[in-house]
Amino acid sequence: QVQLVESGGGLVQAGGSLRLSCAASGRTFSIATMGWFRQAPGKEREFVAVIRRSDGTTYYSDSVKGRFTISRDNAKNTVYLQMNSLKPEDTAVYYCAADREWFLITYTNAYEYWGQGTQVTVSS
């Protein structure tokens, strides 16, 4: 099993920045892919960014490309999401996800492990 714990959410003004962290524990050696998703009130959970642990390959949704950066520290079993130029529409609960494969990486159903989520609120 793998456990994921997110941190770093909060309230920020539009144009500001936040950095989210996701710490993995348990059978972390089995993880190939770690990603971030978000869910706003009344909306479905959506893909934000993903990183492949082996070589750092990344992929972003169009809505965050150029503003958000995903990175990893394999020694700490931690993935980060640096969020800059935040907009009110970025307001959501952000979830960390992990899986043993790099496959269908933008789909929520492709991920086996999930964190509890952290709230990000961007005020206008």
Side-chain angles (χ1 to χ4, degrees):
Q1 288 292 330
V2 173
Q3 294 78 42
L4 304 174
V5 178
E6 303 100 332
S7 61
L11 173 64
V12 64
Q13 289 188 333
S17 299
L18 280 175
R19 188 175 85 152
L20 305 183
S21 299
C22 173
S25 61
R27 299 173 65 86
T28 57
F29 62 87
S30 66
I31 297 173
T33 302
M34 294 191 74
W36 289 95
F37 289 74
R38 66 187 182 187
Q39 188 167 18
K43 295 188 176 181
E44 293 187 354
R45 193 169 300 188
E46 66 173 6
F47 167 76
V48 175
V50 63
I51 190 164
R52 185 160 57 193
R53 292 189 76 214
S54 60
D55 62 3
T57 296
T58 59
Y59 186 72
Y60 298 90
S61 70
D62 288 342
S63 62
V64 307
K65 196 175 299 181
R67 300 188 298 123
F68 291 10
T69 302
I70 189 171
S71 61
R72 92 265 195 233
D73 184 336
N74 288 344
K76 295 182 178 180
N77 292 314
T78 299
V79 170
Y80 305 97
L81 185 68
Q82 178 66 44
M83 305 185 294
N84 298 330
S85 302
L86 282 161
K87 305 175 181 180
E89 51 263 44
D90 294 317
T91 295
V93 177
Y94 282 70
Y95 296 91
C96 178
D99 197 74
R100 292 174 287 177
E101 297 183 359
W102 177 266
F103 184 66
L104 298 178
I105 55 176
T106 65
Y107 289 81
T108 57
N109 289 343
Y111 291 81
E112 183 173 1
Y113 306 107
W114 290 87
Q116 81 288 351
T118 185
Q119 177 71 47
V120 171
T121 303
V122 184
S123 63
S124 58

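Closest of all the heavy-atom pairs between Gly117 and Val93 is CA-CG1, 3.8 Å. In this structure, Ile31 and Val2 approach most closely via the heavy-atom pair CD1-CG1, 3.5 Å. Nearest heavy atom pair, residue Pro88 against residue Ser124, reads CG-CB, 3.8 Å. Taking every heavy atom of both residues into account, Ser17 and Gln82 meet most closely at CB-NE2, 3.9 Å. Closest heavy-atom contact between Val48 and Tyr94: CG2-CE2, 4.4 Å. Among all heavy-atom pairs drawn from Leu81 and Ala49, the shortest one is CD1-CB, 4.2 Å.
Residues in residues 53-95 take part in no disulfide bond (SG atoms under 2.5 Å apart) pair, two or more places apart or across chains. Every pair passing disulfide bond (SG atoms under 2.5 Å apart) that includes a residue from residues 81-124 is listed here, sequence neighbours excluded: Cys22-Cys96.
Side chain of Thr33 to main chain of Glu101: a donor-acceptor pair is present (N/O by atom type, distance under 3.5 Å, no hydrogens or angles).
A continuous path of Ile, Leu, Val, Met, Phe, Trp and Tyr side chains, each step under 4.5 Å between heavy atoms, connects Tyr107 with Phe103, placing both in one hydrophobic cluster. Side-chain heavy atoms closer than 4.5 Å link hydrophobic residues (I, L, V, M, F, W, Y) into clusters, and following such links, even through other members, never connects Tyr95 to Leu4. Transitive grouping of hydrophobic side chains (ILVMFWY, heavy atoms separated by less than 4.5 Å) keeps Phe37 and Tyr113 in distinct clusters.
Considering NZ of Lys76 and OG1 of Thr28, their distance stands at 15.0 Å, rounded to 0.5 Å. Note that the CD atom of Gln3 and the CG atom of Asn77 stand 11.5 Å from one another [nearest 0.5 Å]. Interatomic distance, Gln119 CD to Gln39 CD, rounded to the nearest 0.5 Å: 11.0 Å. Within the model, atoms CE of Met34 and OH of Tyr111 stand 10.0 Å from one another, a figure rounded to the nearest 0.5 Å. Separating the CD atom in Glu46 from the CZ atom in Arg38 is a distance of 4.5 Å, to the nearest 0.5 Å. Interatomic distance, Tyr60 OH to Ile51 CD1, rounded to the nearest 0.5 Å: 7.0 Å.
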I'd like a table of donor-acceptor pairs (distance under 3.5 Å, sequence neighbours excluded) in which one partner is a side-chain atom from residues 64-72, with atom names and distances.
from: Lys65; atom 1: NZ; to: Asp62; atom 2: OD1; distance (Å): 3.2
from: Arg67; atom 1: NH1; to: Ser85; atom 2: O; distance (Å): 2.9
from: Arg67; atom 1: NH1; to: Asp90; atom 2: OD2; distance (Å): 2.8
from: Arg67; atom 1: NH2; to: Ser63; atom 2: O; distance (Å): 2.9
from: Arg67; atom 1: NH2; to: Asp90; atom 2: OD1; distance (Å): 3.0
from: Arg67; atom 1: NH2; to: Asp90; atom 2: OD2; distance (Å): 3.4
from: Arg72; atom 1: NE; to: Arg53; atom 2: O; distance (Å): 3.2
from: Arg72; atom 1: NH2; to: Arg53; atom 2: O; distance (Å): 3.2

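Within 6.0 Å of the CZ atom in Arg45, the count of heavy atoms belonging to other residues, nucleotides or ligands exceeds 12.
At least one side-chain heavy atom of Trp114 sits under 4.5 Å from a side-chain heavy atom of Thr108. With contacts defined as side-chain heavy-atom distances shorter than 4.5 Å, the pair Tyr59/Arg52 does not qualify. In this structure the side chain of Met83 never reaches within 4.5 angstrom of the side chain of Trp36, judged on heavy atoms.
Geometrically, Arg19 engages Tyr80 in a cation-pi contact, judged by NZ or CZ lying under 6.0 Å from the ring centre and within 45° of the ring axis.
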